[in-house]
Amino acid sequence: MKKLALHWKILIGMVLGILFGFIMTGVDGGKDFVDDWINPIGTIFVKLLKLIAIPLILASLIKGISDLKDISKFSNIGLRTMGIYIVTTVIAITIGLILVNVIEPGNGISEETVARLTQTYADDSGVQSKIIEAGKDRGPLEFLVEMVPDNAFFAFSNNKLMLQVIFFTILLGISMLLVGEKAAKPLKKFFDSLNYVVLKMVDIIMLSAPYAVFALLAQVLVTAGDPEILRRLLSYAGVVVLGLIIMIGFYLLVIIVFTKKNPLWFLKQISPAQLLAFSTSSSAATLPVTMERVEEHLGVDKEVSSFVLPVGATINMDGTSLYQAVAAVFIMQVLWPEGLTMSNQLMIVLTALLASIGSAAVPGAGMVMLVIVLEAIGFPADKLPIALALIFAVDRPLDMCRTVVNVTGDATVAMIVAKSVGKLGKPKIKEWDDHHEEVK
Ligand code: ASP
């Protein structure tokens, strides 16, 4: 396996994992075997990636901001990034809405299927916990309040508080610029060095990626739902996947138009991050790899990537918002056709945009926010458990696909922003053992 490119190794791991998982579903005790002996390998890998996410954001963002030398450059990059993120998300939601309205996947769902899904999932703890999680009373500006930490160390100790970490880090980076080079020098040196070291940790962890994705996919297969139920939801899932594929096509077009790069080259360089996004269903866990690929393999300068990517992982979720639009309308087609008004669809655009900003970059987060989208358009509360039961069975595979789009969207925007401020250069690939000879 030595000379094979990383994305091939990961792909082989995934295919073997799927095959293995499939075989194990047919073997007596197979699921338990995968649970006990295979799944931990995947879990450890995801933990390792999450372990370095916060140190990486800290080091990389501070390096990025303090390299700028001037705050106006930072606000320039910041405003462009936010603007482009909002535009791509609205495009994603619109694609979703058009597809679901034209194809109408909800019309093929019989009452018997609804009854069967309700019976299987409405009381499921997974469904209930999503409703409870979404049900916390939130004012419209709550997401801003939640972005500001009141204890930096608490924020650093909680992966779910990534936006708080980013907030603190940006404040620290800007203050370092303001105190001047001399006073900030020791801190800058420390964070620069931390940044190099953490990126090396990514290289080391990635050595185990092909084995880890094997384990992650085998686990997905053995925990998948009843194939009969999955089959009945095929048209809904098909609309989401079609929308996601169109979205990837849109990114490639954007890459061609704005950066004049070959889209296949872009896909090849970013593919390990995409494959991990697919295997882990978490843009946050994938972030260290996305950052490494975008900086070293796509040639985006750290000044841009260190801001665009961590912020994007938490607030830019084009795949998730597209899914929310399709799921909300699909649910209405089946359970609440009278709610399918133009004004409700416009409301979906707005709430899905806000929801994708507020969704955590972890598996299944999009479904929690879907509850908020449904509540915003006045969906009957008593039907909520049935609504979630309806789409629950296919949520995991769709989560895997939408996370790929979320990550690809962040990488695309990083390329465009970098190009627009003259920070798209030549790739500088670093291997895990670059300095091995010196330290041997
Ligand atoms: N799993 C997605 C992500 O991490 C969020 C979601 O759509 O549930 O990007």
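Keep in mind the model is a prediction, meaning the values are calculated, not measured. Each ligand, and each atom within it, is numbered from 1 in the order the structure gives.
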Taking N or O atoms only and a 3.5 Å limit, does M367 qualify as a polar contact for ligand 1? no
For ligand 1 and A284, I'd like to know whether there is a polar contact (N/O to N/O, distance under 3.5 Å). no
Suppose we measure from atom 8 (O) of ligand 1 to each protein heavy atom; which comes out shortest, and what is that distance? G366 N, 2.6 Å
Using a strict cut-off of 4.0 Å, indicate which atoms of ligand 1 neighbour a heavy atom of [X].
X    : value
R402 : 6 (C), 7 (O), 8 (O)
G364 : 8 (O)
T320 : 5 (C), 6 (C), 7 (O)
S282 : 4 (O)

Where does the angle between the aromatic ring planes of F379 and W336 fall among parallel (under 30°), tilted (30 to 60°) and perpendicular (over 60°)? perpendicular
If you count heavy atoms of other groups shown closer than 6.0 angstrom to CG of D36, is the number above 12? yes
Is it true that atom CZ of F22 has more than 12 heavy atoms of other residues, nucleotides or ligands lying nearer than 6.0 Å? no
Determine whether the aromatic ring centres of F156 and F168 lie less than 6.0 Å apart. yes
Do Y251 and F266 have ring centres separated by under 6.0 Å? no
If we set the cut-off at 4.0 Å for heavy atoms, which region of S283 has an atom near ligand 1: side chain, backbone, both, or neither? both
Examine the proximity of ligand 1 to V362 and report which part, side chain or backbone, both or neither, has a heavy atom under 4.0 Å away. backbone
May I ask you to say whether D203 pairs ionically with K200, meaning some side-chain N is under 4.0 Å from a carboxylate O? yes
Is the closest basic N to carboxylate O distance between D395 and R402 below 4.0 Å? yes
